[in-house]
Amino acid sequence: MKLYHGSSVGGIIELLPALSNHGKEYAYLTNSRVLAILYAHNPIKSPGGFFTYRFNKDGKLLYDEYFPNQTAVMYKGRKGYVYA
């Protein structure tokens, strides 16, 4: 299985744990390239303070917009990197 890591930082050679919002150090990986892309762009916080994605009962990734043009507002002009 291929795993991905999304980051706003380029040139990462070794993936090391970093302090998370939970107060513990983690290195985040996912088998979803799309989810890694969401994290790679390091968007500004949404009104709720979280990424606006969820998974349906079949495990399919869904992206919800909570305000008009959310995707354009949150990701416009941002760069990111996806590592495999």
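Sequence positions, counted from 1, serve as the residue numbers for this chain. Note: hydrogens, waters and symmetry copies are ignored here, and every other heavy atom, side chains too, is used.
- With sequence neighbours excluded, the residues that form a side chain to side chain contact (heavy atoms under 4.5 Å, CB included) with Lys24 are Tyr26.
- Around CG of Asn56, the count of heavy atoms belonging to other residues, nucleotides or ligands within 6.0 Å exceeds 12.
- Cluster annotation: Met1 and Leu15 are assigned to the same hydrophobic cluster (Ile/Leu/Val/Met/Phe/Trp/Tyr, side-chain heavy-atom contacts under 4.5 Å, transitive).
- Here Leu19 is tied to no hydrophobic group at all, with no ILVMFWY side chain closer than 4.5 Å.
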Check residues 28-36 and write down every donor-acceptor pair under 3.5 Å in which the side-chain atom is one partner and the other belongs to a residue at least two apart or another chain.
{"unit_1": "Thr30", "atom_1": "OG1", "unit_2": "Ser32", "atom_2": "N", "d": "3.0"}
{"unit_1": "Ser32", "atom_1": "OG", "unit_2": "Leu35", "atom_2": "N", "d": "3.1"}

Test log, rule side-chain contact (heavy atoms from CB on, under 4.5 Å), inputs Tyr39 and Tyr53: CA-CA 11 Å; Tyr39 278 91; Tyr53 70 86; 3.2 Å; yes
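- Shown here are the salt bridge (charged side-chain N to carboxylate O under 4.0 Å, His left out) partners of Asp58, two or more places apart in sequence or in another chain: there are none.
- Residues Lys2 and Tyr4 share a closest heavy-atom pair of CD-OH, 3.1 Å.
- Grouped with Leu16 in a hydrophobic cluster is no other residue, since no side-chain heavy-atom contact under 4.5 Å to another Ile, Leu, Val, Met, Phe, Trp or Tyr is found.
- Ile12 belongs to a hydrophobic cluster with Val9, Tyr81, Tyr83, counting contacts under 4.5 Å between side-chain heavy atoms of Ile, Leu, Val, Met, Phe, Trp and Tyr, direct or through other members.
- Nearest approach of Asp64 to Arg54, heavy atoms of both residues: OD2-NE, 2.7 Å.
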